[in-house]
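All of these numbers come straight from a predicted model, not from anything done at the bench. In what follows, chains are A, B, ... by sequence order, proteins preceding strands, each numbered from 1.
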There are 2 protein chains.
Amino acid sequence: MLTLHDMLLSGNCHKVRLLLRWLGIPFRRVEVDVFGGGSHTPEFLALNPAGKVPVLVWDDGRTLPESGAILLHFAEGTDWLPADAWARAQVYRWMFWEQYSHETSVAVIRSVVLYDRPFGADRKAQLLKDGTAALALMDRHLQGREWLVGNRRSLADLALYPYTAVAEDGGLDLAGFPHLRAWLDRFAGLPGFVPMDHDAGWEGTA
Amino acid sequence: MLTLHDMLLSGNCHKVRLLLRWLGIPFRRVEVDVFGGGSHTPEFLALNPAGKVPVLVWDDGRTLPESGAILLHFAEGTDWLPADAWARAQVYRWMFWEQYSHETSVAVIRSVVLYDRPFGADRKAQLLKDGTAALALMDRHLQGREWLVGNRRSLADLALYPYTAVAEDGGLDLAGFPHLRAWLDRFAGLPGFVPMDHDAGWEGTA
């Protein structure tokens, strides 16, 4: 069985848990105490030298870090990753945009607030500005669309959902983004959806 | 013909130019004055609402931003992207790691220095520390290996090369990373390689 080195409140980990659950792939969950140094022990660094969750470990010892890599690996051949080359390219586009231009503000400002990390006021203001711009970009794109790419949910939606859904934890305001809020509701309404902070209902799903 | 909205000194743009050149796909280059506001004009934002280069534009008006998406789109079916599922997963892993954990320090510190951007001393110190850690991770991985994934160059190497090659512009020191330096030389020795700052030899390659 797969072992997911996980952190319940990490959006990157939530993506992986949701996909494995939806694909019916059983896994066991190991909660890593990231803010207590648990992702920088010698044992953990042997699994992922970058010192980050999620990391997926196979019974034969193979390891795969990076949520985007895990999603693409397991979604291949399923309807979470379109077969059409142009639709795939759009999914890639949203996944890379999420990691570089959305998570770097929307997720970071949440972590600053949630875990009381030391950041200057200027940096916080910049993160709020960048995060708001990222959410506004999504809201405009979702006007008249149900999903980010094409007519069905894909890895693009799965990659963007978790940190967007908890953006208000970081002080971002979704009130002015009606299309984004409708999309969040649509995604959370998918059959089998489990919210980020539910610590049951994940393991051994098949 | 494809049009690449480009910036000569951007590593993300260098990746795209190199792949299109190596695949023999002709394109025309439009240099965008990013630091003069050229990526935030209404015309540019219509091509990429994220206001970033590179963006590739087709003659029929289709657009594709995000260097990672462009690389994966064009490399499909070529030997830059392995057909084997596990090797592909490793390529994805390095590509996402580059965007979230390498570019965010190695490229950002260079841009701070090159373009004299306003960053506090604390932030600069953190970027240097994170950038050094990213380079050290690559150096350890490359010990005993010629390429990042498997036995041949792939998108993993192409995604990591450009900003690593110019890391010293940002004040990072590669002297202690012999495996990384050997890999840089190996990549730059590939037939047809063109350095980032060469503004000729790109367009209309076929």
If one checks every heavy atom of B:Gln99 against chain A at 4.5 Å, the contacting part turns out to be both
Under 4.5 Å to a heavy atom of chain B? For A:Arg88 that would be side chain
Per ring pair (Phe, Tyr, Trp, His ring centres under 6.0 Å), A:His141 is matched among A:Trp94, A:Phe177, A:Trp183, A:Trp147 by A:Trp94
Practice problem: Check whether more than 12 heavy atoms from other residues, nucleotides or ligands sit under 6.0 Å from atom CG of B:Asp197, and answer yes or no. | Solution: yes
Side chain to side chain contact (heavy atoms under 4.5 Å, CB included) test vs B:Lys15 passes for just one of B:Leu20, B:Ile70, B:Leu71, namely B:Leu71
Only residue of B:Asp84, B:Leu148, B:Leu158, B:Val149 satisfying side chain to side chain contact (heavy atoms under 4.5 Å, CB included) with B:Val91 is B:Val149
The interface call for A:Leu72 against chain B, heavy-atom contacts under 4.5 Å, is both
If you tally heavy-atom pairs under 4.5 Å between each of B:Arg123, B:Glu76, B:Arg140, B:Gln90 and chain A, the highest tally belongs to B:Arg123
Of B:Trp86, B:Phe74, B:Tyr92, the largest count of non-hydrogen pairs under 4.5 angstrom with chain A goes to B:Trp86
inquiry  = For A:Tyr115 and A:Phe35, take the angle between the two ring planes, folded into 0 to 90°, and tell me which bin it lands in: parallel under 30, tilted 30 to 60, perpendicular over 60.
reply    = parallel
